[in-house]
Amino acid sequence: DMKVTQMPRYLIKRMGENVLLECGQDMSHETMYWYRQDPGLGLQLIYISYDVDSNSEGDIPKGYRVSRKKREHFSLILDSAKTNQTSVYFCASSRDSPNERLFFGHGTKLSVL
Amino acid sequence: QQQVRQSPQSLTVWEGETAILNCSYEDSTFDYFPWYWQFPRESPALLIAIRPVSNKKEDGRFTIFFNKREKKLSLHITDSQPGDSATYFCAATSGGNYKPTFGKGTSLVVHP
């Protein structure tokens, strides 16, 4: 069963708190991604991971960091969350090839108050 | 600078009509163009994709037309159905960097 799983589904945090979003996949995909989606802005790439401990910044990495210690898990961390980080966050994975389809998780809706 | 542009931002058609969604790009190194669709409260999923070796890709009622010279592509949905109502994202990837770039999307509504 090919699946990308995100936890939690919904999260409410106060400004200044730390946030951990977790993502797992069962397809042994090498490449994993974190995107955020805001109304009218489409999907913006935060970070990409090519494999364990091989991460690269996307288009909007400021305020975020990531961790990938196992191929099947990819975490997104917000240290001291800000209200403008309220968004829907999608994790995705793909095979290790530049032109492969992305498989998306169901998303995490984060509200920072 | 926005690398992938989509138009229109929103589109409404009647059931049975052909919907045409447009996409243009800046980077001539882009060599893979997937379209994803996203239904309300769901995650994006691959609909259809094209590589520049072809200028047309068809899958049922969905067809991509690709113009490499003008750096434009379009998604045609023939015999549109209410179930096609979704947001459609055009994306592009370059073999050099693995980083898919998404357009801002076109919201399609098909009225019965």
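Because only heavy atoms are used, hydrogens play no part in the values below, and waters and symmetry mates are left out as well, while side chains stay in. Chain letters run A, B, ... following the sequence lines, proteins first, then strands; residues in each count from 1.
Of the two parts of A/Leu43, the backbone and the side chain both hold a non-hydrogen atom closer than 4.5 Å to a non-hydrogen atom of chain B. The contact between B/Tyr36 and chain A is made entirely by side chain atoms (from C-beta outward), counting heavy-atom distances below 4.5 Å. Only the side chain of A/Gln37 comes within contact range of chain B, judged by heavy atoms closer than 4.5 Å. Only the side chain of A/Phe90 comes within less than 4.5 Å of a heavy atom in chain B; its backbone stays farther off. Looking at A/Gln6, neither its backbone nor its side chain comes within 4.5 Å of chain B, counting heavy atoms on both sides. If you measure heavy-atom distances from A/Tyr35 to chain B, the contacts under 4.5 Å come from the side chain alone.
No side-chain donor-acceptor contact under 3.5 Å links B/Thr78 and B/His76. A donor atom on one side chain and an acceptor atom on the other are not found under 3.5 Å apart for B/Ser74 and B/Asn22.
The minimum heavy-atom distance linking A/Ile60 with A/Ile46 is given by the pair O-CG2, 3.8 Å.
Ring geometry for B/Trp14 against B/His111 counts as tilted: the plane angle lies between 30° and 60°, on a 0 to 90° scale.
Most heavy-atom pairs under 4.5 Å with chain B: of the set A/Val4, A/Leu45, A/Leu41, this distinction falls to A/Leu41. In terms of heavy-atom pairs under 4.5 angstrom with chain A, the leader among B/Gly105, B/Pro34, B/Pro44, B/Ala49 is B/Pro44.
Heavy atoms of other residues, nucleotides or ligands lying less than 6.0 angstrom from NZ of A/Lys82 number more than 12. Within 6.0 Å of CD on B/Gln9 lie no more than 12 heavy atoms contributed by other residues, nucleotides or ligands.
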